[in-house]
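First listed ligand is number 1; within each ligand, the first listed atom is number 1.
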Amino acid sequence: MKAKRTPEQLRSFRWFGPPTMLGFSHRSRMKQIGYRAEDFTGKPVIAIINTWSEINPCNYHLRERAEAVKRGVWQAGGFPVEFPAFSISETYMKPSPMMYRNLLAMETEEALRSLPVDGAVLLGGCDKTTPGLLMGAISMNLPAIYLPGGPMLRGNWRGQPLGSGTDLRKFWTERCAGTLSEEEWNSMEDGIARSPGFCMTMGTASTMTALAEALGMTLPGASSIPAVDSNHTRMALRCGERIVQMVWEDLKPSDILTKQAFENAITVDMALAGSTNAIIHLVALARRCGFKLDLRLFDEISSRVPVLANIRPSGAYLMEDFYYAGGLRALMAQIRDLLHLDSLTVNGRTLGENLAGAEVVNPDVIRPRSNPLAPTGGTVILFGSLAPDGAVMKTSAADPRLLKHVGPAVVFKNYRDLEARIDRDDLPVTEDSILVLQNAGPLGAPGMPEWGMLPIPKKLLQKGVRDMVRISDSRMSGTAYGACVLHVCPESFVGGPLAFVEDGDLISLDVEARRLDLLISEEELARRRARWVRPAPCYQRGYGSLYLERVLQANEGCDFDFLSSKVEMPEPEMH
Ligand code: FES
């Protein structure tokens, strides 16, 4: 237990306390906006880092929620200051929001370092905003609480619940197959996104906010409260109150984010059949804490954790159902024996203490161990001659008959090539073919977009085919589904074996053996490698160029090499 800090020991006191010219300047500028010196001097100054934006509908309510956080900070005797951070909008940001996660992490870290703040409440929700904010906060290591924005309400179309992403893709497939009219398709547009909040399927946002809670970085029960439920506003208030105490206690991310906390997050990820993107983000978060999470650890934990969350795309329900069925605490209580219950969380209690009294209200939404959705975790890690450094597959969302499959490759050089040819009548493809997409990885695309759920060729759709083996070095939305092998490492752009696959090559996928192999000889592979030419980078300046020079591969979390370690940074000099 650390000694309680004194007002003079607060970091912000360096700015506001001294009777110097600089102290005068800092105090006078707060007075400029109407505060008195006693409002902020010697009080925990709490940054409310807000990813609210009018171009990010998932986080649209966070401007209002920040007011509730402020109320909590004031009530607990702190001084709140809200400021904006880069709002990575999953829907709108191109070529891929993933390219900008590290930029948000850098902005968060440097804002916390350079400004007079003692602690932070991080407001995010839409996919990359959760890992981006957390990565920055971990590296700065000031007391911090994450407030997840919460899922949006269930979609509704003619009385049917609709899930973000998952049902968009499902009904688009039917539209392409000619089984859904234009009028039906258009009418769905009004009902699929009915309120602020993040995607209400078990996509990346729902997964990452749940994992933030499993890591101990949110208050208990915070991750699945629907964005517009008044419980969410009360949770925001509690975050404001608690962060002030955390500053006095000097409770930092480094006290919470142990190796065991990450194992808890992986365990919860598997029980949720979480988004495959979570693997990349957890690896990146762990590296910021100084831990290396080997991909094999995900597979090992996956093999002993049942899928209990019956949420789309792997299951039937949506996040609103999950919350009212008991939420994440209830799910974690079902797998208590698989968790490190002594892990500390932001409320100063252990995970085990926080699970006391949690119960499942609807056992069809949060399944009991005796009736899981799947007996083992939803995600597997594959290795083999096509993926020497690993690949990822969400088996819970795939047609089981494809989990052991050998088929001839149909290769697309990039996404433009895929778009141009996928629906041509003369494409030499059958339902046994394996669709391969190259140059869709962290550097190749760039930004590793969510292209991994390659479309089924129209002529096969019309024959009733709805799933095929698809392989790429890209990612897949957590709301997507199908027998898609993702994150193939090393990526094709840097000369991974995926770059050398040609039409007609046989590829073997064997999920049980955890293998992904290109069935050509070593000699032939060497010949192809010798004549391969690395494509030119697509950015010559700006952030894109920095990204291409310094981003790591997917198995290392796609962080920048110069950010992904635990190195003490000096506090800013002040003269
Ligand atoms: Fe924001 Fe899905 S688009 S969470």
task = Using 2.8 Å as the cut-off, count the protein N, O or S atoms closer than that to atom 1 (Fe) of ligand 1.
result = 2
task = Please name all residues satisfying side chain to side chain contact (heavy atoms under 4.5 Å, CB included) with A398, sequence neighbours left out, ordered by chain then number.
result = M393, L403, D467, A483
message = Pairing donors with acceptors under 3.5 angstrom, does anything connect the side chains of D364 and Y317?
response = yes
request  = Count the heavy atoms of every other residue, nucleotide or ligand shown that sit under 6.0 Å from CD of E110, and state whether that count exceeds 12.
outcome  = yes
ask   = Does any N or O in the side chain of E491 come within less than 3.5 Å of the main-chain N or O of L443, such that one atom is a donor and the other an acceptor?
value = yes
key: Pairs meeting criterion ring-ring contact (aromatic ring centres under 6.0 Å, His included) with involvement of residues 140-170, two or more places apart   = W157-F171
query = Looking at residues at least two apart in the chain, or sitting in another chain, which of them share a ring-ring contact (aromatic ring centres under 6.0 Å, His included) with F86?
reply = Y100
